[in-house]
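All heavy atoms count here, side chains included; hydrogens, waters and symmetry mates do not.
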Amino acid sequence: MRGGGPPGGPAPGTLGGAAVVLADEDAGWELDEPPALVRVLGRTLLELCAETIDVCPGIHGFIVVVPVGTEDRAADSASNSPKFLGAVPGGTTIRESVVAGVEALPPGLEPVVWHEVTRPLASPELFAAVLQALEGADVAVTQVPVGDTVKRVDTGMVRETIPRAGLGVAQTPQGFRRAALAANNRGDERGPMDRRDHPFLPARAGLRVAALPGDPANLKVRTSRDLRLVERLLAERITRGHGR
């Protein structure tokens with residue numbers, strides 16, 4: 001693990017929540033820099049995420065998970081945060097990267113919120129809502145309702161129109177209790193699973209999963225067009241005096 005916060009950061013064994021910030025290059029990433037180091041209005045995406053975490057009283061420390069070889073640069077970017085605990089290399093799936101981050105956390109930090117650094121507009125209130133939802137659940141997922149008609153397509157032909165009622169598009173931050181991660185590991189024994197899109201398959205693991213409202217403005221950056229839009233929205237927030 002590379003880096004660590006400045007003196008005065010959270011000590012190992014501190015009681016309270018933790019965060020795992022994923023800064024891997026996922027499918028569709030088109031920018032030249034690694035996600036953690038892309039700049040918006042003079043700050044990196046990782047700096048913006050750290051600023052949000054720093055004002056969340058329920059989160060006492062965070063680990064950032066990055067592509068192999070970029071640990072030092074990511075650690076430098078997050079080093080001003082008193083809650084930064086270090087940077088570790090990720091895996092080939094979301095699941096593997098989340099596990100790598102959790103394994104690097106001190107054992108006393110519980111529950112865990114995981115978040116994609118490519119969603120820099122996530123608010124402290126959204127992080128707080130995830131932590132609160134975990135008081136009565138094993139996993140908490142933020143989501144926004146599906147607004148468009150959804151079609152199931154096979155070999156170029158529409159096979160089914162799927163009703164939108166009850167459908168949601170998942171966002172991060174999401175959260176879980178460490179015991180839920182262990183329970184999900186036991187579910188692996190029941191057959192192969194595809195974890196490119198989510199670290200949990202709760203139905204197999206018997207987990208209680210809370211769904212809570214996300215934020216339509218909590219956009220994900222993958223392209224230069226996404227970056228320009230996020231930059232404009234962030235500038236508007238600053239102009240309105242709503243913080244970063």
Side-chain angles (χ1 to χ4, degrees), residues 16-24 26-28 35 45 49 52-53 56-59 62-65 90-91 93-103 105 109-148 150 162-188 190 193-222 226 230:
V20 170
V21 177
L22 297 193
D24 305 78
D26 61 5
L45 294 182
C49 183
T52 299
I53 291 173
C56 293
I59 297 178
F62 73 93
I63 292 288
V64 60
V65 183
T93 65
I94 290 178
R95 164 71 177 183
E96 291 174 357
S97 292
V98 168
V99 170
V102 170
E103 289 178 345
L105 288 170
L109 295 178
E110 166 84 27
V112 179
V113 176
W114 72 277
H115 182 58
E116 299 160 303
V117 76
T118 48
R119 293 186 183 271
L121 298 178
S123 66
E125 292 78 14
L126 203 54
F127 279 81
V130 169
L131 289 171
Q132 183 175 5
L134 289 170
E135 294 177 4
D138 303 305
V139 179
V141 177
T142 54
Q143 53 83 40
V144 293
V146 172
D148 297 322
V150 179
I162 302 174
R164 290 182 301 216
L167 293 182
V169 178
Q171 300 181 332
T172 63
Q174 300 179 19
F176 57 90
R177 297 195 168 276
R178 292 200 188 201
L181 198 62
N184 205 61
N185 285 338
R186 290 193 294 272
D188 286 353
R190 306 178 196 180
M193 301 181 181
D194 184 346
R195 286 204 177 80
R196 290 172 296 180
D197 298 323
H198 200 278
F200 291 98
L201 288 180
R204 288 194 177 186
L207 303 176
R208 302 169 299 161
V209 182
L212 57 151
D215 181 356
N218 183 19
L219 304 176
K220 186 167 186 174
V221 173
R222 288 192 177 99
D226 298 334
V230 165

Let me see the working for Val112 and Arg178 under side chain to side chain contact (heavy atoms under 4.5 Å, CB included), right down to the final yes or no.
CA-CA 7 Å; Val112 179; Arg178 292 200 188 201; 4.1 Å; yes

Residue pair Val130, Trp114: steps toward the side chain to side chain contact (heavy atoms under 4.5 Å, CB included) verdict
CA-CA 10 Å; Val130 169; Trp114 72 277; over 6 Å; no

Between Arg177 and Asp138 (salt bridge meaning N to carboxylate O under 4.0 Å), is one present in this structure?
no

Pair Val20-Val64, side chain to side chain contact (heavy atoms under 4.5 Å, CB included): steps then yes or no
CA-CA 6 Å; Val20 170; Val64 60; over 6 Å; no

Taking side chain as C-beta onward, heavy atoms only, is Val230 less than 4.5 Å from Leu121?
yes

Ignoring hydrogens and angles, tell me if any N or O in the side chain of Thr142 forms a donor-acceptor pair with the backbone of Gln171 under 3.5 Å.
yes

Could you pull out the closest heavy-atom pair between Leu134 and Phe176, with the gap in Å?
CD1-N, 3.6 Å

Worked verdict on Phe62 versus His115 for ring-ring contact (aromatic ring centres under 6.0 Å, His included):
CA-CA 10 Å; Phe62 73 93; His115 182 58; over 10 Å; no

Using side-chain contact (heavy atoms from CB on, under 4.5 Å) as the criterion, list what pairs up with Ser97, not counting sequence neighbours.
Leu22, Asp24, Val65

Taking all non-hydrogen atoms of both residues, which atom of Val117 and which atom of Cys49 are closest, and how far apart?
CG2-CB, 4.3 Å

Between Ile162 and Leu167, is any pair of side-chain heavy atoms under 4.5 Å apart?
yes

Less than 4.5 Å apart, any side-chain heavy atom of Val209 and any of Val141?
yes

Taking every non-hydrogen atom, the tightest pair across Pro120 and Val221
CD-CG2, 4.2 Å

Check this for me: does any side-chain nitrogen of one of Asp26 and Lys220 sit under 4.0 Å from a carboxylate oxygen of the other?
yes

Residue pair Pro173 / Leu126: nearest heavy atoms and the distance that separates them
CD-CD2, 3.7 Å

Give a yes or no answer on whether the side chain of Asn218 reaches the backbone of Thr172 with a donor-acceptor pair at less than 3.5 Å.
yes

For Leu105 and Ala19, which heavy atoms make the closest approach, and how far apart are they?
CD2-O, 4.1 Å

Rounded to the nearest 0.5 Å, the CD1 atom of Ile59 sits from the CG atom of Leu131 at a distance of 5.0 Å

Please report the shortest heavy-atom distance between Leu212 and Ala133, naming the atom on each side.
CD2-CB, 4.0 Å

